[in-house]
Undergrad: 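Have a look at the structure that comes next, please.
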Amino acid sequence: MNIFRLAADVLHVVSIFLLLLKIKTSHSCAGISLKTQFLYMIVFSTRYLDLFFTKPWHSALTFYNTIMKILFLSSSAYTIYLIRNRYKHTYDKVHDTFRIHYLIAGSAVLALVFHIRLTPFEIIWAFSVFLEAVAIMPQLLLLQETGQVENITSHYIFCLGSYRALYICNWIWRYFMEHRRNQWLAWACGTVQTLLYADFFYYYILSQRQGKKLRLP
Amino acid sequence: ASGSGGKDEL
(Lines give C-alpha, C1' and ligand atoms only; values in the text may rest on other atoms or scores of the structure.)
Protein backbone atom coordinates (compact mmCIF):
# COMPACT_ATOMS: atom_id res chain seq x y z
CA MET A 1 0.00 0.00 0.00
CA ASN A 2 1.34 3.39 -0.96
CA ILE A 3 -0.01 6.93 -0.71
CA PHE A 4 -1.26 6.99 -4.33
CA ARG A 5 -3.25 3.78 -3.96
CA LEU A 6 -4.73 4.92 -0.64
CA ALA A 7 -5.63 8.37 -2.02
CA ALA A 8 -7.17 6.71 -5.10
CA ASP A 9 -9.38 4.45 -3.01
CA VAL A 10 -10.41 7.32 -0.75
CA LEU A 11 -11.46 9.30 -3.85
CA HIS A 12 -13.43 6.31 -5.10
CA VAL A 13 -15.33 6.13 -1.81
CA VAL A 14 -15.82 9.93 -1.87
CA SER A 15 -17.26 9.71 -5.39
CA ILE A 16 -19.81 7.12 -4.29
CA PHE A 17 -20.68 9.24 -1.27
CA LEU A 18 -21.15 12.34 -3.49
CA LEU A 19 -23.41 10.42 -5.86
CA LEU A 20 -25.67 9.20 -3.05
CA LEU A 21 -25.60 12.64 -1.42
CA LYS A 22 -26.72 14.24 -4.68
CA ILE A 23 -29.63 11.83 -5.09
CA LYS A 24 -30.69 12.06 -1.44
CA THR A 25 -30.47 15.84 -0.98
CA SER A 26 -32.06 16.80 -4.31
CA HIS A 27 -34.54 13.89 -4.17
CA SER A 28 -33.66 13.40 -7.79
CA CYS A 29 -31.37 11.33 -9.97
CA ALA A 30 -31.53 13.79 -12.88
CA GLY A 31 -28.23 13.80 -14.78
CA ILE A 32 -27.20 10.40 -13.40
CA SER A 33 -26.85 7.57 -15.90
CA LEU A 34 -28.49 4.35 -14.78
CA LYS A 35 -26.58 2.57 -17.56
CA THR A 36 -23.21 3.59 -16.11
CA GLN A 37 -24.31 2.46 -12.64
CA PHE A 38 -25.48 -0.83 -14.11
CA LEU A 39 -22.10 -1.32 -15.84
CA TYR A 40 -20.28 -0.67 -12.56
CA MET A 41 -22.49 -3.29 -10.92
CA ILE A 42 -21.38 -5.80 -13.57
CA VAL A 43 -17.74 -4.68 -13.21
CA PHE A 44 -17.73 -5.17 -9.43
CA SER A 45 -19.62 -8.45 -9.42
CA THR A 46 -17.30 -10.00 -12.03
CA ARG A 47 -14.05 -8.51 -10.62
CA TYR A 48 -14.70 -9.43 -7.01
CA LEU A 49 -15.54 -13.12 -7.48
CA ASP A 50 -12.45 -13.81 -5.36
CA LEU A 51 -14.52 -12.70 -2.36
CA PHE A 52 -15.73 -16.31 -2.31
CA PHE A 53 -12.22 -17.79 -2.19
CA THR A 54 -10.19 -15.31 -0.17
CA LYS A 55 -10.08 -15.27 3.61
CA PRO A 56 -10.59 -11.63 4.69
CA TRP A 57 -8.37 -12.07 7.74
CA HIS A 58 -5.48 -13.54 5.71
CA SER A 59 -3.64 -10.22 5.96
CA ALA A 60 -4.32 -6.57 6.68
CA LEU A 61 -4.43 -5.92 2.92
CA THR A 62 -6.98 -8.66 2.16
CA PHE A 63 -9.11 -7.38 5.01
CA TYR A 64 -8.96 -3.84 3.62
CA ASN A 65 -9.71 -5.11 0.09
CA THR A 66 -12.65 -7.20 1.30
CA ILE A 67 -14.26 -4.25 3.10
CA MET A 68 -13.82 -2.04 0.01
CA LYS A 69 -15.16 -4.70 -2.36
CA ILE A 70 -18.30 -5.21 -0.28
CA LEU A 71 -18.71 -1.43 -0.05
CA PHE A 72 -18.45 -0.97 -3.84
CA LEU A 73 -20.83 -3.85 -4.55
CA SER A 74 -23.47 -2.79 -2.05
CA SER A 75 -23.32 0.92 -2.87
CA SER A 76 -23.74 0.36 -6.61
CA ALA A 77 -26.66 -1.99 -5.95
CA TYR A 78 -28.21 0.62 -3.65
CA THR A 79 -27.71 3.39 -6.25
CA ILE A 80 -29.44 1.27 -8.89
CA TYR A 81 -32.27 0.61 -6.45
CA LEU A 82 -32.69 4.36 -5.82
CA ILE A 83 -32.75 5.21 -9.53
CA ARG A 84 -35.07 2.36 -10.51
CA ASN A 85 -37.49 2.57 -7.61
CA ARG A 86 -37.56 5.52 -5.26
CA TYR A 87 -36.58 8.29 -7.68
CA LYS A 88 -37.77 6.57 -10.83
CA HIS A 89 -39.86 9.57 -11.94
CA THR A 90 -36.77 11.85 -11.98
CA TYR A 91 -34.60 9.51 -14.04
CA ASP A 92 -33.63 11.08 -17.36
CA LYS A 93 -34.44 8.02 -19.44
CA VAL A 94 -34.84 9.89 -22.72
CA HIS A 95 -31.22 11.10 -22.73
CA ASP A 96 -29.63 7.99 -21.20
CA THR A 97 -29.44 6.24 -24.55
CA PHE A 98 -25.94 4.74 -24.78
CA ARG A 99 -26.06 1.24 -26.24
CA ILE A 100 -24.28 -0.61 -23.48
CA HIS A 101 -24.66 -4.05 -24.99
CA TYR A 102 -21.91 -3.04 -27.46
CA LEU A 103 -19.62 -2.21 -24.52
CA ILE A 104 -20.44 -5.50 -22.78
CA ALA A 105 -20.02 -7.59 -25.94
CA GLY A 106 -16.82 -5.74 -26.91
CA SER A 107 -15.32 -6.29 -23.45
CA ALA A 108 -16.27 -9.98 -23.58
CA VAL A 109 -14.57 -10.44 -26.95
CA LEU A 110 -11.45 -8.56 -25.79
CA ALA A 111 -11.32 -10.69 -22.62
CA LEU A 112 -11.44 -13.87 -24.70
CA VAL A 113 -8.51 -12.61 -26.77
CA PHE A 114 -6.43 -10.85 -24.08
CA HIS A 115 -6.10 -12.40 -20.63
CA ILE A 116 -3.42 -13.35 -18.14
CA ARG A 117 -4.19 -17.09 -18.22
CA LEU A 118 -6.75 -19.18 -20.09
CA THR A 119 -8.98 -19.93 -17.11
CA PRO A 120 -12.63 -18.88 -16.55
CA PHE A 121 -11.63 -16.80 -13.52
CA GLU A 122 -8.90 -14.90 -15.39
CA ILE A 123 -11.12 -14.29 -18.44
CA ILE A 124 -13.94 -12.94 -16.25
CA TRP A 125 -11.39 -10.78 -14.42
CA ALA A 126 -10.06 -9.41 -17.74
CA PHE A 127 -13.66 -8.73 -18.84
CA SER A 128 -14.25 -6.64 -15.72
CA VAL A 129 -11.08 -4.63 -16.35
CA PHE A 130 -12.06 -3.90 -19.98
CA LEU A 131 -15.60 -3.00 -19.00
CA GLU A 132 -14.51 -0.67 -16.20
CA ALA A 133 -12.38 1.29 -18.67
CA VAL A 134 -15.46 2.24 -20.71
CA ALA A 135 -18.21 2.14 -18.03
CA ILE A 136 -18.27 5.95 -17.68
CA MET A 137 -19.18 6.50 -21.34
CA PRO A 138 -23.01 6.46 -20.89
CA GLN A 139 -22.62 9.01 -18.07
CA LEU A 140 -20.43 11.30 -20.19
CA LEU A 141 -22.88 11.01 -23.09
CA LEU A 142 -25.78 11.91 -20.81
CA LEU A 143 -23.93 15.03 -19.65
CA GLN A 144 -23.23 16.07 -23.22
CA GLU A 145 -26.86 15.54 -24.18
CA THR A 146 -28.14 17.72 -21.36
CA GLY A 147 -25.29 20.30 -21.40
CA GLN A 148 -25.58 21.96 -17.99
CA VAL A 149 -24.31 19.81 -15.13
CA GLU A 150 -25.12 20.12 -11.45
CA ASN A 151 -22.04 20.89 -9.33
CA ILE A 152 -22.26 17.78 -7.19
CA THR A 153 -22.58 15.55 -10.27
CA SER A 154 -19.48 17.10 -11.81
CA HIS A 155 -17.56 16.60 -8.53
CA TYR A 156 -18.67 12.96 -8.60
CA ILE A 157 -17.27 12.37 -12.09
CA PHE A 158 -14.10 14.32 -11.25
CA CYS A 159 -13.43 12.10 -8.19
CA LEU A 160 -14.12 8.97 -10.22
CA GLY A 161 -11.66 10.05 -12.92
CA SER A 162 -9.00 11.09 -10.40
CA TYR A 163 -9.28 7.69 -8.75
CA ARG A 164 -8.02 5.89 -11.84
CA ALA A 165 -5.43 8.59 -12.60
CA LEU A 166 -3.96 8.03 -9.10
CA TYR A 167 -3.90 4.28 -9.76
CA ILE A 168 -1.47 5.02 -12.62
CA CYS A 169 0.79 6.82 -10.10
CA ASN A 170 0.43 3.77 -7.84
CA TRP A 171 1.48 1.45 -10.68
CA ILE A 172 4.55 3.60 -11.50
CA TRP A 173 5.45 3.54 -7.79
CA ARG A 174 5.07 -0.23 -7.57
CA TYR A 175 7.00 -0.76 -10.80
CA PHE A 176 10.09 0.88 -9.31
CA MET A 177 9.69 0.19 -5.58
CA GLU A 178 8.30 -3.36 -5.70
CA HIS A 179 9.67 -4.39 -9.11
CA ARG A 180 6.15 -5.26 -10.07
CA ARG A 181 6.07 -6.19 -13.78
CA ASN A 182 3.75 -7.94 -16.26
CA GLN A 183 0.67 -5.96 -15.30
CA TRP A 184 0.11 -4.82 -18.88
CA LEU A 185 -3.62 -5.57 -18.91
CA ALA A 186 -4.50 -3.45 -15.88
CA TRP A 187 -2.05 -0.72 -16.95
CA ALA A 188 -3.38 -0.42 -20.50
CA CYS A 189 -7.04 -0.38 -19.46
CA GLY A 190 -6.40 2.03 -16.59
CA THR A 191 -4.67 4.43 -18.97
CA VAL A 192 -7.52 4.24 -21.50
CA GLN A 193 -10.01 4.80 -18.68
CA THR A 194 -8.14 7.89 -17.48
CA LEU A 195 -7.85 9.27 -21.03
CA LEU A 196 -11.65 9.04 -21.44
CA TYR A 197 -11.90 11.63 -18.68
CA ALA A 198 -9.38 14.03 -20.26
CA ASP A 199 -12.03 16.10 -22.05
CA PHE A 200 -14.22 16.19 -18.94
CA PHE A 201 -11.28 17.21 -16.70
CA TYR A 202 -10.55 20.13 -19.02
CA TYR A 203 -14.05 21.60 -18.79
CA TYR A 204 -14.34 20.77 -15.09
CA ILE A 205 -11.17 22.68 -14.18
CA LEU A 206 -12.24 25.57 -16.43
CA SER A 207 -15.64 25.77 -14.69
CA GLN A 208 -14.05 25.60 -11.22
CA ARG A 209 -11.64 28.47 -12.00
CA GLN A 210 -14.47 30.64 -13.26
CA GLY A 211 -16.63 29.62 -10.29
CA LYS A 212 -19.43 28.59 -12.61
CA LYS A 213 -21.47 25.48 -13.15
CA LEU A 214 -19.97 22.99 -15.54
CA ARG A 215 -21.32 23.41 -19.04
CA LEU A 216 -20.32 20.94 -21.73
CA PRO A 217 -20.31 21.98 -25.37
CA ALA B 1 3.29 -10.50 -7.01
CA SER B 2 4.56 -10.37 -10.57
CA GLY B 3 2.22 -11.86 -13.16
CA SER B 4 -0.73 -12.27 -10.80
CA GLY B 5 -2.63 -9.62 -12.73
CA GLY B 6 -3.29 -7.06 -10.03
CA LYS B 7 -5.61 -9.13 -7.81
CA ASP B 8 -4.36 -7.33 -4.72
CA GLU B 9 -5.82 -4.10 -6.08
CA LEU B 10 -9.39 -2.92 -6.42
Side-chain angles (χ1 to χ4, degrees), chain A residues 1-2 4-6 8-13 43-44 47-51 53-54 58-62 64-73 114-117 119 121-126 128-129 132 163-164 167 170-171 174-175 177-190, chain B:
Chain A
M1 183 66 76
N2 56 67
F4 302 111
R5 161 82 197 274
L6 190 64
D9 290 345
V10 167
L11 275 181
H12 195 177
V13 173
V43 167
F44 296 143
R47 171 101 41 95
Y48 301 153
L49 283 177
D50 63 320
L51 276 174
F53 320 115
T54 312
H58 178 262
S59 69
L61 185 63
T62 53
Y64 168 86
N65 283 342
T66 304
I67 299 288
M68 291 301 233
K69 287 169 184 177
I70 293 170
L71 181 71
F72 296 153
L73 275 164
F114 304 104
H115 41 255
I116 308 288
R117 268 185 292 270
T119 62
F121 181 78
E122 287 292 344
I123 290 170
I124 291 169
W125 185 84
S128 82
V129 172
E132 188 191 358
Y163 137 70
R164 221 47 183 181
Y167 254 81
N170 154 60
W171 292 327
R174 296 187 79 176
Y175 183 88
M177 305 308 275
E178 299 170 23
H179 307 289
R180 198 179 143 92
R181 307 286 145 90
N182 305 323
Q183 305 290 319
W184 53 270
L185 211 152
W187 292 345
C189 293
Chain B
S2 175
S4 66
K7 305 293 185 297
D8 60 343
E9 291 178 346
L10 299 164

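Labels below follow one simple rule: chain letters A, B, ... track the order of the sequence lines, proteins then strands, and each chain is numbered from 1.
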Undergrad: Using a cut-off of 6.0 Å, state whether more than 12 heavy atoms not belonging to Tyr64(A) lie near its atom OH.
TA: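 Atom OH in Tyr64(A) is packed in, count exceeds 12.
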Undergrad: Nearest 0.5 Å, what's the CG-CG distance between Leu61(A) and Asp8(B)?
TA: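 Here the rounded value is 6.0 Å.
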Undergrad: Counting heavy-atom pairs under 4.5 Å with chain B, which one of Glu132(A), Arg5(A), Lys69(A) comes out on top?
TA: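 Result: the option with the highest number of such pairs is Arg5(A).
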Undergrad: Drop me the distance from Gln183(A)'s CD to Glu9(B)'s CD, to the nearest 0.5 angstrom.
TA: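 The distance works out to 7.0 Å.
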Undergrad: Checking Trp184(A) against chain B: side chain, backbone, both or neither under 4.5 Å from a heavy atom?
TA: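 For Trp184(A), there is no contact with chain B at all, as no heavy atom is under 4.5 Å.
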Undergrad: Crowded around Phe121(A) CZ? As in, over 12 foreign heavy atoms under 6.0 Å?
TA: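 Above 12, so yes.
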Undergrad: What I want to find out is whether Glu122(A) reaches Lys7(B) closely enough, with some N-O distance under 4.0 Å, to be called a salt bridge.
TA: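 Between Lys7(B) and Glu122(A) there is a salt bridge, with a charged N closer than 4.0 Å to a carboxylate O.
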Undergrad: Counting heavy-atom pairs closer than 4.5 Å to chain B, which one of Trp187(A), Tyr48(A), Phe72(A) comes out on top?
TA: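 It is Tyr48(A).
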